[in-house]
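Scroll down for the structure; my scribbles are underneath it.
Just so it is clear, the values below take in all heavy atoms, side chains as well, and ignore hydrogens, waters and symmetry mates. Along the sequence shown, the residues carry numbers beginning at 1.
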Amino acid sequence: MKVFVAGDSTAAAYPVTLAPQAGWGQALPLLWDVPVVNEAVPGASARSSIERLGMYERIMSAIGPDDLLLICFGHNDPKHDQGRFSAPFTGYREHLRRYVHGARERGARPVLVTSVERRACGPEGTHGRYPEAMRALAADEAVPLVDLQAASLRRWRELGPEATKELFLWLAPHPNYPNGSADDTHFTGRGAIEVARLLLEAAGDLLPPAVRTPHADLMEWRPVMSVWSLDARSGERRREFASTTVEELGAICRRAHELLPRLDEAGPRERAVMLEAMADALDARVEDLVAAADAETALGAPRLTGEVARTSGQLRLFAEVLREGSFLDVRLDSADAVKPDLRRMNIPVGVVGVFSASNFPFAFSVGGGDTASALAAGCPVVVKAHSLHPETSALTLAALQDGARAAGFPAEVVQLVHGREAAVALVKNPLVKAVGFTGSIPGGRFLYDVAKARPEPIPFYGELGSLNPLIVTPGAAARRTEEIAAGLTASATLGAGQFCVKPGLVLAPAGSGLVEAMARHFTELGPQVLLGDGIRESFESGAGEREAIAGLRVAATGRAGGERQVTARLLTGPASLLDASELLLEECFGPMTVVLTYDGEDELAEILATTPGNLTATLHSEPEEEKLASRIVAVMRDRAGRLVFDAYPTGVAVGWAQQHGGPYPATTEPSTTSVGTAAIFRFLRSVVYQNCPAHLLPEALREDNPWRLPRRLNGVLTPP
């Protein structure tokens with residue numbers, strides 16, 4: 001026999017990072033030898049456990065004949081958020097009934113358990129009519145009931161308000177609770193044991209009896225996986241970080257949600273001050289940030305120093321956006337005989353989850369564009385640190401939070417989580433209303449599907465993978481062979497070929513000599529260190545698969561290096577190879593590019609049309625080739641978000657006119673950008689105030705325009 005527990009935070013098992021907090025389901029194994037399968041989740045209600053959290057499905061897939069199912073909800077069912085509410089005598093009872101019937105259908109025995117009382121309980125308790133509704137259901141369905149609410153209410157009264165503090169999570173400053181705790185709902189290990197004991201006493205013969213006297217010092221907390229900061233060049237461990245548990249992630253998201261009003265009420269100008277203070281804090285710590293990032297990524301101090309400057313520059317740019325004000329897109333239509341008074345503006349979407357990129361530890365990570373644009377929009381941010389630079393992430397977070405405090409904001413407007421479990425939980429958390437992601441196609445597509453499968457689907461702004469084709473016309477190849485060869489080689493191997501806009505496919509005229517010119521540059525390239533072991537292994541595997549394609553040859557390689565280094569590769573073959581292998585249309589992350597040669601304009605246009613969606617497409621042509629160039633540009637526009645002419649795609653300028661996005665798989669939302677001022681619109685939604693009394697209008701929509709915003713009045717754009 002096994003005992004399954006369906007419940008909320010009062011029953012849940014907790015990780016060591018939250019000790020001494022414990023739930024009564026966590027304490028049961030100290031009293032029993034009966035196996036306990038504790039599926040209780042903090043924050044769960046009967047409704048959300050079925051509709052959002054998957055608790056019902058997990059239990060029903062595992063429970064069997066003669067097992068027991070303890071069903072205990074009531075703490076969160078009255079709450080009108082996160083899809084948790086259901087009325088006591090209607091929805092609440094029906095959700096409990098589903099657990100009862102599901103257990104019985106599988107030969108198991110359901111037992112209803114009323115919710116344990118809070119410490120600060122009045123004479124009637126704190127759960128309203130929910131215990132009464134559960135008792136009525138037990139009578140209707142002839143289900144055994146354990147009245148834990150009544151038993152705990154009596155016990156807390158016997159002990160009195162001071163003695164009960166020893167059982168609840170009332171703590172002085174503690175390593176896991178630096179500010180202490182005064183929690184009247186959750187328990188210490190000792191309190192969890194006391195509740196488990198009350199449960200067995202109230203159950204009588206319904207549950208197996210205790211076989212031992214439990215002691216709090218024997219309580220076990222779940223271990224937490226470690227995320228290690230590794231030296232990219234040597235592979236040596238540098239510093240350990242604890243993975244964020246699902247419970248911790250939930251608390252972090254709740255704190256972020258609490259700060260939504262603070263950011264919104266601050267208005268654009270106060271948020272601008274905050275972003276600038278964050279930028280100042282980053283610039284003040286550039287040496288420490290670069291040292292950590294160089295150790296973790298091997299990207300080099302010069303490149304990383306510039307990236308910190310770009311990151312602080314992005315924050316300052318969004319401060320300009322806030323002061324300029326057009327991001328609110330204020331539109332006012334005056335009332336007339338046929339239509340009401342309508343006032344439209346953009347507002348924050350809510351808490352935003354951000355996934356850091358491996359290859360840009362600053363500009364696309366904790367303090368990067370996604371975070372900057374979300375904060376500018378008025379959205380608190382929870383960042384998932386990349387496993388390849390956790391220390392850099394922690395140092396960046398500290399700078400951002402210091403900047404927030406300096407500007408008078410709570411530090412938690414930006415928070416950080418670590419580990420794979422937290423990644424999925426972040427996307428699933430009902431308080432998160434949008435996600436920004438930069439990473440691989442498999443990882444991004446998995447999280448995209450999670451975001452869209454939620455009961456409340458949310459936008460997932462994913463940058464996944466891009467081939468970034470570069471086209472060289474016959475005229476350009478003839479006149480600028482050496483210039484293009486040098487520039488293209490540098491672009492394809494910049495940052496060890498780990499840029500999202502690296503030109504991974506080059507289309508050049510057959511017999512132009514471009515491959516031979518590029519080969520001379522490739523042979524001069526030294527060995528390079530990639531961001532991490534997994535990326536290095538993927539690059540070697542991907543390069544090997546391409547080298548095995550019949551008809552594709554290695555035109556040149558760079559110099560060989562040590563065990564943890566890779567060699568640059570230049571591969572080439574006829575464009576007809578695309579008919580034999582689609583692998584050539586997939587990104588290979590690292591210092592490699594493929595040059596396919598074409599024989600005519602028609603073949604070139606056909607090849608380009610077969611490429612997947614891209615962040616960029618680049619054309620090198622000559623003025624007299626206008627007809628051919630126009631034909632190619634028409635195709636390029638349908639395949640990419642940024643068209644580059646007679647230059648190279650690596651390097652993405654941050655400004656008002658930038659577009660960093662493209663058709664799938666480059667991004668999941670090709671109409672948006674993750675770089676430039678337009679990125680703010682990903683984290684806004686529009687709302688209209690119709691016939692709203694003047695005293696209820698937000699400042700942005702008032703007649704006197706106190707924020708001095710550009711607005712569209714009855715269709716006419718009007719400056720402030």
>> Could you walk me through whether Ser229 and Arg239 satisfy the side chain to side chain donor-acceptor pair (under 3.5 Å) test, starting with their C-alpha distance in whole Å, then the side-chain angles of each, then the deciding distance to 0.1 Å, before giving a yes or no?
In response: CA-CA 5 Å; Ser229 169; Arg239 183 178 170 189; over 6 Å; no
> Could you go step by step and tell me if Thr650 and Ser491 meet the side chain to side chain donor-acceptor pair (under 3.5 Å) rule?
Replying inline: CA-CA 6 Å; Thr650 41; Ser491 181; 2.8 Å; yes
> Under the side chain to side chain donor-acceptor pair (under 3.5 Å) criterion, do Ser466 and Asn468 qualify, and how do the steps go?
Replying inline: CA-CA 6 Å; Ser466 185; Asn468 305 301; 2.8 Å; yes
>> Apply side chain to side chain donor-acceptor pair (under 3.5 Å) to residues Glu248 and Thr17 and explain how you reach the verdict.
In response: CA-CA 9 Å; Glu248 292 169 320; Thr17 51; 2.6 Å; yes
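Residue pairs satisfying the ring pair (Phe, Tyr, Trp, His ring centres under 6.0 Å) criterion with at least one member in residues 225-252, sequence neighbours excluded, are listed as follows: Phe241-His418. The stretch residues 425-451 participates, sequence neighbours left out, in these ring pair (Phe, Tyr, Trp, His ring centres under 6.0 Å) pairs: Phe355-Phe437, Phe437-Phe460. Listed by first then second residue, pairs satisfying ring pair (Phe, Tyr, Trp, His ring centres under 6.0 Å) with a partner in residues 659-684 read Phe364-His660, Tyr461-Phe683, not counting sequence neighbours. Screening residues 380-399 for ring pair (Phe, Tyr, Trp, His ring centres under 6.0 Å), with sequence neighbours left out, gives His386-His389. For residues 424-434, the pairs satisfying salt bridge (charged side-chain N to carboxylate O under 4.0 Å, His left out) are Lys433-Glu456, with sequence neighbours left out.
Formation of a donor-acceptor pair under 3.5 Å by the Thr392 side chain with backbone atoms of Ala293 is found in this model. Put simply, the side chain of Arg639 gets close to the backbone of Thr611: a donor and an acceptor are under 3.5 Å apart. Remark: side-chain polar atoms of Arg58 are paired, donor with acceptor, to backbone N or O of Leu53 under 3.5 angstrom. The main-chain N or O of Gln498 is found under 3.5 Å from a side-chain atom of Asn359 such that the two form a donor-acceptor pair. Under the 3.5 Å distance criterion, the side-chain polar atoms of Asp402 are left unmatched by any main-chain donor or acceptor of Leu397.
Taking 4.0 Å as the cut-off between side-chain N and carboxylate O, Asp288 and Arg285 do not count as a salt-bridged pair. We find that Glu296 and Arg233 are not joined by a salt bridge, their nearest charged nitrogen and carboxylate oxygen being 4.0 Å or further apart. Checked for salt-bridge contact, Glu547 and Arg569 meet the test: a charged N lies under 4.0 Å from a carboxylate O. A salt bridge links Asp533 with Arg564: the distance from a Lys NZ or Arg NE/NH1/NH2 to an Asp or Glu carboxylate oxygen falls below 4.0 Å. For Glu276 and Arg316, the salt-bridge test fails: no basic side-chain N is under 4.0 Å from an acidic carboxylate O.
When every heavy atom of Asn429 is checked against every heavy atom of Arg454, the shortest pair comes out as O-NH1, 2.8 Å. When all heavy atoms of Leu282 and Ala399 are compared, the closest pair comes out as CD2-CB, 3.9 Å. Looking at every heavy atom in both residues, Leu552 comes nearest to Gly573 through CD1-N, 3.8 Å.
The environment of CD in Glu287 is sparse: at most 12 heavy-atom neighbours from other residues, nucleotides or ligands sit within 6.0 Å.
Annotation: cation-pi pair Arg303/Phe360 present, NZ/CZ under 6.0 Å from the ring centroid and within 45° of its normal.
Applying the salt bridge (Lys or Arg N to Asp or Glu O under 4.0 Å) criterion to Arg682, with sequence neighbours excluded, gives Asp370.
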